[in-house]
Protein chains: 2
Amino acid sequence: MTVSSRALAERGGATPAQVRKDLSFFGSFGKRGIGYPTIELARRIRGILGLGRPYRVILVGAGRIGAALANYPGFEARGFDIAAIYDADPSKIGTVLDAQTVRPAERIESDLAAEPADIAVIGTPAAAAQAMADRLVASGVRALLNFAPVALVVPAGVTVANVNMALELEALTFALASGRRA
Amino acid sequence: MTVSSRALAERGGATPAQVRKDLSFFGSFGKRGIGYPTIELARRIRGILGLGRPYRVILVGAGRIGAALANYPGFEARGFDIAAIYDADPSKIGTVLDAQTVRPAERIESDLAAEPADIAVIGTPAAAAQAMADRLVASGVRALLNFAPVALVVPAGVTVANVNMALELEALTFALASGRRA
DNA sequence: GAGTGTGAAATTGTTCACAGCG
DNA sequence: CGCTGTGAACAATTTCACACTC
């Protein structure tokens, strides 16, 4: 079973040449005249993305965002294992979210010392996000997924991905206001 | 009160030249030797983004994502007014989320006919997202914020912004796996 | 014949550097 | 004198087009 660059491009909204160039960057595993063998392609992409192993993910902030993430389907399916959930609010501690008991934020350092995590998801209020990022980085976390609407400052070697819903909405208002086609 | 392109660049993680080029695209409203007058700058940017008026936003899907969004602070603050929340699940209908009673999804068409909305947020399961997008577009919605992990197909003139948490996480695993600095 | 892999051309985006204004 | 606005130089990305292989 194979897929052509054309078919992939159509699905992903790109051009066939784009797909080929991008894939060729990581090696050449397509068959000329045929396309890319799907199984092999998927395996290679998983390898490129580093999805060959499970990742320990911790969640900081058990508010609405935390709740939404804890129950996100196809999360565990992709090898992401939510190992712990933390919150600073005493009223949240001890409550259960997706089979995880919410732990006090003070325990983050000691827990991470015992069992390091690869990725931390920050779903705290904006005011607490930078301080939390600092603590997490100091405890060895090297990748942050930040939902707080602030630009986190982290040392080199730490990667931050931001999700900012207000920004996304403003991209939409811009499109509406400028009458851009999409 | 003014800000220089250098100061803006530092905050936003760009170069001064970049900031000046980008702003000059929309006109020249800086003062040479001084910088950009902050009040005027903010006013112009709001104008560019189309934030001069409030936007009616409807929310489809009253699950975790819907709940997180309904309570998102600094949402109303930015002129986004959540006008209605819908769900297909009978057990959710009638429940209250952020002072809004969840309405049955069948009412979308008639409600939109009476009061059009600018933007719809799709927080349904992936399987229902495309059908819902079709209905919304047919009812006149011109901008969609999609949280379902599917690539929506919409006619030209409709803008879609996607938020895909799994994708963001995979960007992080890629950075971790390839040892990229950030 | 169909479709990849890839240099070379075209395009797009970024940085430089400086004239000109406040 | 500081800082914007902007062409011109430079860098990165995308597209083209075609040799090559299955």
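By convention in this document, chain letters (A, B, ...) are assigned in the order of the sequence lines, proteins followed by strands, and residues within each chain are numbered from 1.
- Environment of CZ in Arg6(A): sparse, with no more than 12 heavy atoms of neighbouring residues, nucleotides or ligands closer than 6.0 Å.
- In this entry the distance linking CG of Leu23(A) with P of dT14(D) reads 14 Å, nearest Å.
- The CZ atom of Phe25(B) sits 13 Å away from the P atom of dT12(C) (whole-angstrom rounding).
- Backbone-only contact: Phe29(A) has heavy atoms under 4.0 Å from sugar-phosphate atoms and none from a base.
- Taking hydrophobic clusters as Ile, Leu, Val, Met, Phe, Trp and Tyr residues chained together by side-chain heavy-atom distances below 4.5 Å, Phe25(A) shares a cluster with Ile48(A).
- Nearest to the side-chain atoms of Arg32(B) among the listed nucleotides dC22(D), dG5(C), dC21(C) stands dC21(C).
- Rounding to the nearest 0.5 angstrom, the gap separating the CG atom in Leu145(B) from the CD1 atom in Ile119(B) is 8.0 Å.
- Looking at Asp118(A) and Arg53(A), a side-chain N of the basic residue comes within less than 4.0 Å of a carboxylate O on the acidic one, giving a salt bridge.
- Glu168(A) and Asn164(A) share no side-chain donor-acceptor pair at under 3.5 Å.
- In the region residues 8-21 of chain B, proximity to DNA chain D at under 4.0 angstrom, judged on heavy atoms, holds for Arg20(B), Lys21(B).
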Return one dot-bracket line describing DNA chain D 5' to 3' (Watson-Crick or G-U wobble pairs, both distances under 3.5 Å; ( ) same strand, [ ] crossing, | another strand, . none).
||||||||||||||||||||||

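- Within the 4.5 Å cutoff, side-chain heavy atoms of Phe147(A) are placed close to those of Leu69(A).
- Within the 3.5 Å criterion, the main-chain N or O of Ala105(B) finds a donor-acceptor partner in the side chain of Arg135(B).
- Going from atom OH of Tyr36(A) over to atom P of dT21(D) covers 16 Å, rounded to whole Å.
- Remark: Gln130(A) CD to Thr124(A) OG1 distance equals 10.0 Å, nearest 0.5 Å.
- In summary, Arg44(B) and Glu40(B) engage in a salt bridge, as defined by a charged side-chain N under 4.0 Å from a carboxylate O.
- The phosphate of dT4(D) (OP1 or OP2) has a side-chain N or O of Ser5(B) nearer than 4.0 angstrom.
- If Lys31(B) and Ile34(A) are placed on DNA chain D by their nearest nucleotide, the residue sitting closer to the 5' end is Lys31(B).
- Atoms CZ (Arg44(B)) and C1' (dG5(D)) sit 14 Å apart, rounded to a whole Å.
- Asp22(B) has its CG atom 12 Å from the P atom of dG5(D), to the nearest Å.
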